[in-house]
2 protein chains.
Amino acid sequence: MRRRSTTLTEQELEIMKIVWERDQTTVRDVYESLLEHRKVAYTTVMTMMNILEQKKYLKKRLADRAYIYRPAQPKGQVIGDMVRDFVDRVFNGSAEPLLLHLVQEHDLSPAELEEIARIRRKS
Amino acid sequence: MRRRSTTLTEQELEIMKIVWERDQTTVRDVYESLLEHRKVAYTTVMTMMNILEQKKYLKKRLADRAYIYRPAQPKGQVIGDMVRDFVDRVFNGSAEPLLLHLVQEHDLSPAELEEIARIRRKS
DNA sequence: ATTTTCGTACTAATTAATTAGTATGCGGCG
DNA sequence: CGCCGCATACTAATTAATTAGTACGAAAAT
């Protein structure tokens, strides 16, 4: 059988982005934010957020009438996991070929590269 | 409804990697190659390769008794599309934050970075 | 010539992902 | 009090992704 993906799916990520930028939020908040871009049912958002809670991406806490949701893991961590998963799946774990694609197709200037190299040298 | 993903799924990619490295292959070839790593049915591989043909990732040509499959698009192109899709989905289209993750977590040496910068400067 | 082998076509079954509906509870207000 | 608004829980439905089975034809082997 197909195994459940360990990283965030497309819709899950869309919701997590909203939660991360607010840090603290409700189903309604997220629902309204999503509505600005596309049609979606309130209950759909709730279901997704429940799944995200099961998957340990969100924590909820009952406050007054509605649950308040917060990220359960820092954004950098989660995104880092996604990057690692992508590098593993697509490039068998080696980051260099991905770098090559990036510099060749995503208009990264040499200056930006130098900048990155400098940061790297310091760490 | 959920829209069909435009890029390769996990299993599709696994098969395409095998096809790319052989350039020309059959269902049986791929099947046996996959078997070295995990249990899978011959017909499953065939179904996947048919889907890949529908999605225009593979071309097939009847030779003698079995179909011979070839990539319909160059590997660099397809992988490039996957990278772009990832950058769009995860980083809203900007490559720099991805670069930062790469240098921080995938042990890229400064030397490798210089190397990339050099390649970039030439293009 | 009959059986075995190997290939495809077609179809089915399962699971995750996604979207949404129905039932129900609670607090506030006319 | 009884209804309205809003929240959740539970369940259902749909689609893509994935895995695999059955039927069947043609070539090869005996």
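Throughout, protein chains are lettered first and strands after them, A, B, ... in sequence-line order, and every chain is numbered starting at 1.
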Using only side-chain N and O atoms of Thr44(B), determine if any of them is under 4.0 Å from OP1 or OP2 of dT19(D).
no
In this structure, how many angstroms lie between the P atom of dG27(C) and the CG atom of Leu62(A), rounded?
11 Å
Can you tell me if the side-chain N/O atoms of Thr43(B) get under 4.0 Å from OP1 or OP2 in dA20(D)?
no
Need one value for Thr9(B): base, sugar-phosphate or nothing, where a base atom within 4.0 Å counts as base even if backbone is also close, heavy atoms only.
sugar-phosphate
To the nearest 0.5 Å, what is the distance between CZ (Arg84(A)) and CG (Leu102(B))?
10.0 Å
Nearest to the Met48(B) side chain among dT18(D), dA9(D), dT19(C), which nucleotide is it?
dT18(D)
Ile51(B) CD1 to dA12(C) P, in whole Å, measures 16 Å
OP1, OP2 of dA9(D) versus side-chain N and O of Lys60(A): anything below 4.0 Å?
yes
Using only side-chain N and O atoms of Ser5(A), determine if any of them is under 4.0 Å from OP1 or OP2 of dA17(C).
yes
Which of the following nucleotides, dA20(D), dA9(D), dT18(D), is nearest to the side chain of Glu10(B)?
dT18(D)
Of Lys39(A) and Lys55(A), whose closest DNA chain C nucleotide lies nearer the 5' terminus?
Lys55(A)
Short side-chain N/O contact to dA17(C) OP1/OP2 from Gln11(A), under 4.0 Å:
no
Which atom names give the shortest non-hydrogen contact between Asn92(A) and Lys17(B), and what distance separates them?
OD1-NZ, 2.7 Å
Is a side-chain donor or acceptor of Arg61(B) paired with a backbone partner of Arg70(B) at a separation under 3.5 angstrom?
no
Report the relative orientation of the aromatic rings in His101(A) and Phe91(A); use parallel for angles under 30°, tilted for 30 to 60°, perpendicular for over 60°.
tilted
What is the distance, to the nearest angstrom, from the CE atom on Met49(B) to the C1' atom on dT8(C)?
13 Å
Rounded distance (Å) that lies between atom P of dT19(C) and atom NE2 of His37(A)
15 Å
Determine whether Met49(B) and Ile51(B) fall in the same hydrophobic cluster, where Ile, Leu, Val, Met, Phe, Trp and Tyr are linked whenever their side-chain heavy atoms lie under 4.5 Å apart.
no
Whole angstrom is fine here: how far is it from CG in Leu8(B) over to P in dT18(D)?
10 Å
Does a side-chain N or O of Arg38(B) approach OP1 or OP2 of dT19(D) to a distance below 4.0 Å, or not?
yes
Approximate separation, where rounding is to 0.5 Å, of Asp81(A) CG and Leu8(A) CG
9.0 Å
Would you kindly give the CE-to-C1' distance between Met16(B) and dA17(D), to the nearest whole Å?
17 Å
Please enumerate all protein N or O atoms sitting under 3.5 Å from an N or O of nucleotides 5-7 of chain C, with distances to 0.1 Å.
from: dC6(C); atom 1: O2; to: Arg65(B); atom 2: NH2; distance (Å): 2.8
from: dG7(C); atom 1: OP2; to: Arg28(B); atom 2: NE; distance (Å): 2.3
from: dG7(C); atom 1: OP2; to: Arg28(B); atom 2: NH2; distance (Å): 2.8

Nearest to the Thr47(B) side chain among dA20(D), dA20(C), dT18(C), which nucleotide is it?
dA20(D)
Could you report the tightest heavy-atom contact between Pro71(B) and Asp23(B), atom names first, then the distance?
CD-O, 3.1 Å
To the nearest Å, how far apart are Tyr31(B) OH and dG21(D) P?
11 Å
Asn50(A) atom CG is separated from dA7(D) atom P, nearest whole Å, by 14 Å
Arg28(B) bridged to Glu32(B) by N-O distance under 4.0 Å:
yes
How long is the span from the CZ atom in Phe86(A) to the CG atom in Leu98(B), to the nearest 0.5 Å?
8.0 Å
Once Watson-Crick and G-U wobble pairs under 3.5 Å are found, how is DNA chain D written in dot-bracket notation, 5' to 3', with | for any base paired to another strand?
||||||||||||||||||||||||||||||
Any idea which heavy atoms bring Tyr69(A) and Leu58(A) closest together, and the distance?
CD2-CD1, 3.9 Å
